[in-house]
Amino acid sequence: MAKLSEYSAKRRFEATPEPAPAEPAHRGGPLLFVVQQHAARRLHYDFRIECDGVLFSWAVPKGPSLDPADKRMAVFVENHPYDYASFEGVIPPKQYGAGEVIVWDCGVYSPDEDGVWFHDREQAQQRVREGLVGGKLSLQLRGLKLKGSFALVRTKQDEKSWLLIKHKDRFISAADVTQQDRSVLSGVAVKDMRSFPVHRMPASQLVPVGDATAMPAKLEPMQAELGDAPFQDAGWMWEPKLDGYRVLAFVDGDKVQLRSRRGLELANTFPRLAEELRQQAGGGTMILDGEIVALGADGKPSFNALQNRFQLKSPVDIATADRNVPTLFFAFDLLYFAGLDLRARPYHERRRYLAQCLMPSALVQLVHADEDGESLHAAALASGFEGVIGKRKDSRYEAGKRSPAWLKVKPTHSADLVIGGYTKGKGSRGALGSLLIGYWEGDGLRYASHVGSGFNDRALQEVLARLEPLHTRSCPFSSKPEVNAPVTWVKPELVAEVDFQEWTDDGSLRAPVFQRLRDDIDPKTVRREVPSHSGAATKKRRSARAAPPSPRGDVVIDEVVAALDGTTKNAFELAVGTHRIRLSNLDRVYWPANEALQQPALTKRDLLRYLAQVSPLMLPHIADRPLTMIRMPDGITGQRFFQKHWEQARPDFVESVTVFSESKDEHHNYLLCNNLPTLLWLAQSGTLEFHVWHSRAKVDADAKSKSTDYATSLESLEASVLNCPDYVVFDIDPYIYSGKEAPGAEPELNTIAFEKGKEIAFALRELLLGMKLEPIVKTSGKTGLHVFVPIRRTIDFDTARHVSELVSRHLMRQRPREITMEWSVPKRSGKIFMDHNMNVRGKTLNVAYSPRGEPGAPVSMPLTWEELASAHPLDFRMTSVIKRLTRTGDRWRDALTRKQDLDRALKGGKA
DNA sequence: GGATTGT
DNA sequence: ACAATCCAACGCCTC
DNA sequence: GAGGCG
Ligand SMILES: [Mn+2]
Ligand SMILES: [Mn+2]
């Protein structure tokens, strides 16, 4: 292994998250390159190539360019360990290279002066070594952003100065490739790294790595099962389904085979494709899964054009056809590359390897893939594709099998509708842009939609000819449709069959595509079919998948979720068991979409759904505790206000407790959120955060006081059960600023601060364990942590506060530079604030599982201590936690029952 | 978001 | 009829 | 006692 001593000398591995040098591991397969973007003192890019077990590195201040005229300065810097290639994160202040790092691009590379050597690591490395010594490298990059041949040349003037220059090939471009500024691993821009949770993947997963095995001589393609609708699920990706000819392409040196599903050999039928694919492998081996597609006259994939193409046998005819009817290979999977069998790798990795190793050209292209199944489906239908295929990210390639890990989704809905008019379009569609279609409802013809997709020239002609004699001056629809093109009305006598995705709630069609005229149907009989098997059914299936049955199989929760998702109505009356709640403004955006945090816009409906689903875990922690509502009826960007008391009318399922107050009216009503309808009713009134007392208005065995007189006097309140907390609270608040805060603002979430907070929480835990006390922990949802010691309710808040203070001060003496208990905010700066004064009657904290009115929609998440080690607040969001909770259940399920005796602990050990 | 108060 | 306004709190800390 | 703090 080449040396890493300089790398180690510059860094302190206790203080930086960067990887320490590791023992050299045996690696086979192509060599890796990576480009990291690094927001250090000065923003730059680090270009690194693997050779002899380490990464030879150059710092490129302006980053790579695809323009051969640009010579980019590249300063040769110290070797980095191989594992550095997947490093993304934040290097803390004062450490070498302090700042944020993302993986801007990664892929495989090979010297390319005398052919490429992806398939022969030793040959490749030999040429790289020579190039490094000689000061001249020519490399073919197969990355996700960078493709093609690049030169690295050492300048005469300086040993360390090199130039990075794009060679002329088909990948040159005047476009600025650094405009694509997201990480290829996490999708995060470097400036957002500070607030984003990082989860390292091993560098060896970035590109195909492994030992060579013989290339399978024959394989059959993996098949998809039939699915009923696309859905959003972070575990799935979606690709358009191409209307072509499924083929596995085997390349071995000069030999190319194109195998159809039935084993037919097609390389001779598509010689140009075969030649292109041969070049893709660069003399090595490769198996691609894909689809041969012929483009019709309109430039869209056409199965007919492909059928015609198959008829040709003579080389002359084929050559002519290749000029006139382009035939393309669309690749969507990579099963084997440069000697490595990739079939057992998960789909999302194969997908990355494919995007890296494939060098797109006019004839060989990469199939688009996307996480947003619903949008892709709509877009795919609109552009003339058959539908979409969903693929489970963690699925292996099961050759020859029909697997549920791949789902084929085609539009299943079809309707016959009456044509009442048509619009003019543009260009070749000047005469007919779209048809206005509708159905009879009572005596009127109700407008449903306009449909402009699905016409070929012949259909266009035919429909126009049939409409001509039906022209009329008056609009046949009962209410005149709004369209932004000139309309010609026709008598409602023609019926069109239309495929579409679903009925929208306002009675329109989503993604309609014209199929044919239906002369066999009497236009007077056209009614809208009940949408039981269309819109509503689609929704139901979707939610059934996205939301597994509630943890306890609670019927009421399932009904609530079904009601919320079963309609697009903005307001309706929700049944919760026997209770009714008027819901309004369900589509109001509470959390606006935040691209940097990869959060879609979340509405009040999303909030209600989340609360219903989480309620079995959340209610035990919120029940019987006087509640402070943080209300944001206009969403998190609008006005927000606290509300502690509720003197107005309220539904009868909402419980409350009256508490003495020294201020003038002597007592106040606090709400108790003791059941699901209350939780939902609170959300309806704009409550986004639920903050609760640490004591409960309920007597049971662990409470020493049995008094429930909270209202008559201060003395009675202090003698009541509300005066004894359920836990000693350690509120851990990092005051380590990200630097982006407005003057005077609270510190924002940032990784450095949270990591330090975690460290303090672990130290606190050690201290408490030494006192025979077992603490539990949760994220607050914002920047801090809540560490609680559940105790029997025998001591009052005052005692609990003293315990918290004693322990915190002890910890602060051990780590004075890291912990502060200062009252003045400026003096807390750079430290972790431990606020023992939270242990006071009437103080509140955001309850477990409560969302926060913060970007990303994080929630307060109870964790095991093991989980805390790798946790980040934004790992737990309204959008993601239900899935986790069905697996883990409530990590705090014992918090209220496994209580500890503080008196004994205090006598036993001393802090 | 909703009740209450002010114009 | 419609717009404006309210919707927290108190005990603890430090000076 | 005043004013900051959560
Ligand atoms: Mn750097
Ligand atoms: Mn806190």
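Labels below follow one simple rule: chain letters A, B, ... track the order of the sequence lines, proteins then strands, and each chain is numbered from 1.
Distance CZ (A:F642) to C1' (B:dG1): 18 Å, rounded to an integer number of Å. Distance A:W646 CH2 to B:dA3 C1': 9 Å, rounded to the nearest Å. Atoms CD (A:Q643) and P (B:dG1) sit 14 Å apart, rounded to a whole Å. Atom CH2 in A:W681 sits about 10 Å away from atom C1' in B:dG2, given to the nearest Å.
When the salt bridge (charged side-chain N to carboxylate O under 4.0 Å, His left out) test is applied to A:E867, the partners found at least two apart in sequence or on another chain are A:R884, A:R891. When the side-chain contact (heavy atoms from CB on, under 4.5 Å) test is applied to A:F642, the partners found at least two apart in sequence or on another chain are A:T628, A:I630. A:D835 meets the salt bridge (charged side-chain N to carboxylate O under 4.0 Å, His left out) test with no other residue; sequence neighbours excluded. With sequence neighbours excluded, the residues satisfying salt bridge (charged side-chain N to carboxylate O under 4.0 Å, His left out) with A:E759 are A:K756, A:R815.
Within the nucleic acid shown, A:F660 has no heavy atom closer than 4.0 Å to any nucleic acid atom. A:R841 comes within contact range of no nucleotide atom at all, as no heavy-atom separation falls under 4.0 Å. Residue-level contact check: A:H691 touches neither bases nor backbone, having no heavy atom under 4.0 Å from any strand. Counting any heavy atom pair closer than 4.0 Å across all strands shown, A:G686 reaches sugar-phosphate atoms only and no base atom. Contacts of A:D634 with the nucleic acid, taken as non-hydrogen atoms under 4.0 Å apart, are absent.
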Encode nucleotides 1-6 of chain D as B, S and - characters from 5' to 3', where the letter depends on protein heavy atoms closer than 4.0 Å: B to the base, S only to sugar-phosphate, - to neither. --BBSB
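Straight-line distance between the P atoms of C:dA8 and B:dA3: roughly 15 Å, to the nearest whole Å. To the nearest whole angstrom, the two C1' atoms, one in C:dA9 and one in D:dG4, are 14 Å apart.
When side chains are defined from C-beta on, A:V728 does not count as touching A:V807, because their heavy atoms never get closer than 4.5 Å. Between A:R605 and A:L608, the closest side-chain pair of non-hydrogen atoms is not below 4.5 Å.
The aromatic rings of A:H621 and A:Y849 sit tilted, their planes meeting at an angle between 30° and 60°. Ring planes of A:F797 and A:H694: tilted class, angle from 30 to 60°.
Mapping heavy-atom proximity under 4.0 Å, the span of DNA chain C touched by chain A runs 5' to 3' from C:dC7 to C:dC15.
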Are A:D796 and A:R841 close enough, and set up right, to give a salt bridge (Lys or Arg N to Asp or Glu O under 4.0 Å), and what steps lead you there? CA-CA 9 Å; A:D796 60 11; A:R841 169 167 37 81; over 6 Å; no
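Side-chain N/O atoms of A:Q684 include one lying less than 4.0 angstrom from OP1 or OP2 on B:dG2.
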